[in-house]
Amino acid sequence: MRVVCVAEKNSIAKAVAGILGGGRLARRDSSSKYIKNYDFTFEFPFAGQCDVTMTAVAGHLSGMDLDASHGWGKCPIPAVFNAPIIDIRTKDQEKIAQNIRKECRNADFLMIWTDCDREGEYIGWEVVQAAISSNAGLERNTYRAIFSHLEPRHIIHAAKNPKQLDLRAVDAVRTRMEVDLRSGVAFTRFLTELLASKVERASDPKNKQRPVISYGTCQFPTLGFVVDRHERIRRFVSESFWFIQVGVANGADETFFQWERVHLFDRLAVAVIYESCVETAGSIAKVSDLKSKSTTKYRPLPLTTVELQKNCSRFFKMSAKTSLEAAEKLYQKGFISYPRTETDIFPSNMDLKALVEQQTLDPRWGSYAQTLLAETTSNRFKWPRSGKNDDKAHPPIHPIITCGSGLENDNERKVYEYVTRHFLACCSEDAKGHLTTMTIEWGYEQFTANGLVVLERNFMDIYFWAKWETTKQLPALTVGQEIQLSSHVMKDGKTSPPNQMTEAELILLMDANGIGTDATIAEHIEKIQQREYITKKKINKQTYLIPTILGISLVHGFEEIGLEDSFAKPFLRRQMEVDLKLICEGEKRKLQVIDDLISRYQLYYGVTSRNQNKLVEVYNHIRRTVT
DNA sequence: GCAAGGTC
């Protein structure tokens, strides 16, 4: 019997073949340069001892488009909402499909080994379609391996206990694809026809070439976040506040105590309170409470893609796209694990100590890794904390092998260093400290001061971006003791506007609102820059994302015609995610959801086209008022 | 010339 196994990418095919083949496998080239075929033998429960070929695809095996008669300019735009849809392949995808057809021609069974997530299920279905086009019998002889990591016993168990593809997940992905395509194409054509000839290129006003003004279910909410922040800053009105601050002599120094009420926006009220304190207590206060407790600063959670992008942006000022590209290169060279993951829990049977061992020779952190393993100090190897996310496809990002000083590319070196330090920090002890809080009463008001002593730095020795430092010591006083204040004043201040949006914040917002995925968040940010909806601006070493006139106008334009919530906010995309989950759970049907969402977009299209003058007016207005 | 999602 002959079995063909297909993974989502070559690296998984190679690893799984290595495990199932027990080291005895032959490697053949395929018609695609990305894909190898691995031959070995394995005993499957459904077919006994078999000749096996393990191969892979490289992500999706096809894409979607409208049929040729509905190209740009060939049909009225609203026809896009119900035009026939065709599956298309790029040249690379065609080569990969060709390999699948060829390998499956004389196969008795097909086993799908794509990632166990929603897109993986769909890719598995695409593989089945390609396979049955050359061997129809496989339709009834297809299995699906369920696995979530590459530990050998787990993989063998998956091979011995095959299941079936989850067709509901396939339906859910098909739904997303169709809704994204129809809404994206329709509104992109509409906005481009309406505005492209009227907008001035932010980057180059002399450039008269018509830009594309695109709409996408992820692009617009992403833009919405940036514009929203910009508007909050623009509309911000500073408010004055007043507060009371008291000080106590502490050796040659003075310790200031924070008012329990922090601050109030009523000057007279603060003045009255202040005067009453002076009247009742003069400059004498009393220690009313003294609390002392051990405290911990937690080591980081296992590393996900979103966290990697956020922190590379913070620590190295690297864009999300750049850090993901560098991580991708490091992965291809075998230095780090797969870089696109949502998982922040290490599988319990992974040999993490062996990975720490790998790092003991590195001049930068080798001695730290040795200390962890030696277990002679309090900072010994400790199994990482577990987060709450598991994508069932990939483990958290971690270093695989040490790269010494062998990385010439600056970004790759930084990302490798970050991944490794983060990993070692995950396997370390939390930092330990001691926190003392002193409360003093002056008049009828309470004031507090904190004193922190960091006792053990532990993971912070390797993860030096974490800030947690010993503060000045509190004055030596006991509860009930009366003290002479060294100062008491009423002060004022002003509330300050929020900062402009950083890329790290935008990534956080997108992730929290389900806009894009670990693999695509960076692309969406990149896309709205390329469309000139936002631009990067450097202010004092920090890079901020600022919306352009066009970006602001698009958001306000849809606001003006009452469609803000559907277009520039994350709600609609999130609603679709909810519906996709319901499809996966069998609670809703694909056709019903598509119909529902497409009807809504048709409705919005009607509103938008009836109010198109308003979109233009908003653009012209904002352009006049800003420049 | 249009989307978002995989992966290289």
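Letters A, B, ... are given to chains in the order of the sequence lines, protein chains preceding strands, and every chain is numbered from 1. Predicted model, so just to flag it, every value in this text is computed and none were measured.
- Side-chain contact check for A/Tyr331 and A/Ser11: at least one donor-acceptor pair (N or O, by modelled atom type) lies under 3.5 Å.
- A salt bridge does not link A/Glu587 with A/Lys581: none of the charged nitrogens is closer than 4.0 Å to a carboxylate oxygen.
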**Message:** Return a single string for nucleotides 1-6 of chain B, one symbol per nucleotide in 5' to 3' order, where B is base contact, S is sugar-phosphate-only contact and - is none, cutoff 4.0 angstrom on heavy atoms.
**Reply:** BBBBBB
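- Atom NZ of A/Lys33 is surrounded by 12 or fewer heavy atoms from other residues, nucleotides or ligands within 6.0 Å.
- Taking atom CZ of A/Arg89 as the reference point, atom C1' of B/dT7 lies 15 Å away to the nearest angstrom.
- Atom CD1 in A/Ile96 sits about 8 Å away from atom C1' in B/dT7, given to the nearest Å.
- Rounded to whole angstrom, the span from the CD1 atom of A/Ile35 across to the P atom of B/dT7 amounts to 12 Å.
- Cation-pi check for A/Lys527 over A/Tyr533 is not met; the charged atom does not lie both under 6.0 angstrom from the ring centroid and within 45 degrees of its normal.
- Between A/Glu559 and A/Lys614 no salt bridge is recorded (no basic side-chain N to carboxylate O distance below 4.0 Å).
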